[in-house]
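Okay, so here's the structure we're looking at.
Atom set for the values below is all heavy atoms of this structure, side chains included, hydrogens, waters and symmetry mates excluded.
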Amino acid sequence: MLTIRNEQIEVFRQIELEKFVKEMVEQVEEDYNEYFSKNGKLRIEKMVRSIIDFGEKYSIKKRYNIADLIVLEIEDGFLEKVENSRKLQKFLSFTFRNEDEKMDRFIDVLDKN
């Protein structure tokens with residue numbers, strides 16, 4: 001019987017995380033070339049990791065939702081808005097039916113702020 005230890009699972013998770021970060025950095029370079037050129041690869045990578053951490057904090061973990069948050073950061077600087085707004089932080093802490101509903105409603109709330 002094959003047994004996978006927690007340490008092995010964590011290694012696999014880390015490999016997938018690094019792959020995802022690389023993909024997102026490349027996507028930003030492709031879709032937002034001017035933004036990428038202005039900020040550089042290391043800053044973009046740091047931003048992607050910050051958004052992944054943000055997602056972990058607020059239970060937003062699906063890849064496409066993280067990608068949407070990256071776009072929101074590039075186009076609207078949402079991280080600073082959340083950091084400076086107890087209202088947005090409280091909103092993100094609410095329980096929703098699912099992650100997708102949370103994202104849809106969060107985008108609506110951001111549009112109104």
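- Across every non-hydrogen atom of Gly55 and Ile66, the tightest pair is CA-CD1, 4.1 Å.
- With sequence neighbours excluded, the residues forming a side chain to side chain contact (heavy atoms under 4.5 Å, CB included) with Gln89 are Tyr58, Val82, Arg86, listed by chain and number.
- For the atom pair NZ (Lys90) and OG (Ser93), the distance works out to 9.5 Å, reported to the nearest 0.5 Å.
- At a threshold of 4.5 Å between non-hydrogen side-chain atoms, the residues Met103 and Leu69 count as touching.
- The closest donor-acceptor contact from the side chain of Lys102 to the backbone of Ile60 lies at 3.5 Å or more, if one exists at all.
- Contact of the Tyr35 side chain with the Glu29 side chain is not registered, since no non-hydrogen atoms from C-beta on lie closer than 4.5 Å.
- Salt-bridge check for Glu26 with Lys41: failed, with every basic side-chain N at 4.0 Å or more from each acidic carboxylate O.
- For the pair Phe91/Lys87, no side-chain contact is recorded, criterion being any heavy-atom separation below 4.5 Å from C-beta on.
- Annotation: side chain of Phe20 is in contact with side chain of Ile52 (closest heavy-atom distance under 4.5 Å).
- Formation of a donor-acceptor pair under 3.5 Å by the Glu73 side chain with backbone atoms of Leu79 is found in this model.
- At least one side-chain heavy atom of Asp100 sits under 4.5 Å from a side-chain heavy atom of Lys62.
- Contact record, Ile51 with Ile70: CD1-CA, 3.6 Å, taken as the closest heavy-atom pair.
- Side-chain atoms of Ile15 and Val11, non-hydrogen and from C-beta on, do get closer than 4.5 Å to each other.
- Counting heavy-atom neighbours within 6.0 Å of Glu75 CD, excluding the residue itself, gives a total above 12.
- Atom OG1 of Thr95 sits about 10.5 Å away from atom CD of Glu101, to the nearest 0.5 Å.
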Check against salt bridge (Lys or Arg N to Asp or Glu O under 4.0 Å), Lys22 and Glu45: CA-CA 8 Å; Lys22 183 176 187 264; Glu45 185 176 311; over 6 Å; no
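- Between Phe54 and Phe106, the ring-plane angle classifies as tilted under the 30° and 60° cut-offs.
- Side-chain contact between Glu23 and Arg63 is present, with at least one heavy-atom pair separated by less than 4.5 Å.
- Leu88 contributes atom CG, which lies 6.0 Å from atom CG of Leu110 (distance to the nearest 0.5 angstrom).
- A donor-acceptor contact closer than 3.5 angstrom links the side chains of Gln14 and Glu18.
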May I have the step-by-step check of side chain to side chain donor-acceptor pair (under 3.5 Å) for Tyr32 and Gln27, ending in yes or no? CA-CA 8 Å; Tyr32 295 92; Gln27 195 66 48; over 6 Å; no
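- Distance check, rounded to the nearest 0.5 Å: CG of Asp76 to NZ of Lys81 gives 3.0 Å.
- Glu16 has no carboxylate O lying under 4.0 Å from a charged side-chain N of Arg13, or vice versa, which leaves the two without a salt bridge.
- Annotation: side chain of Glu99 is not in contact with side chain of Ser59 (no heavy-atom distance under 4.5 Å).
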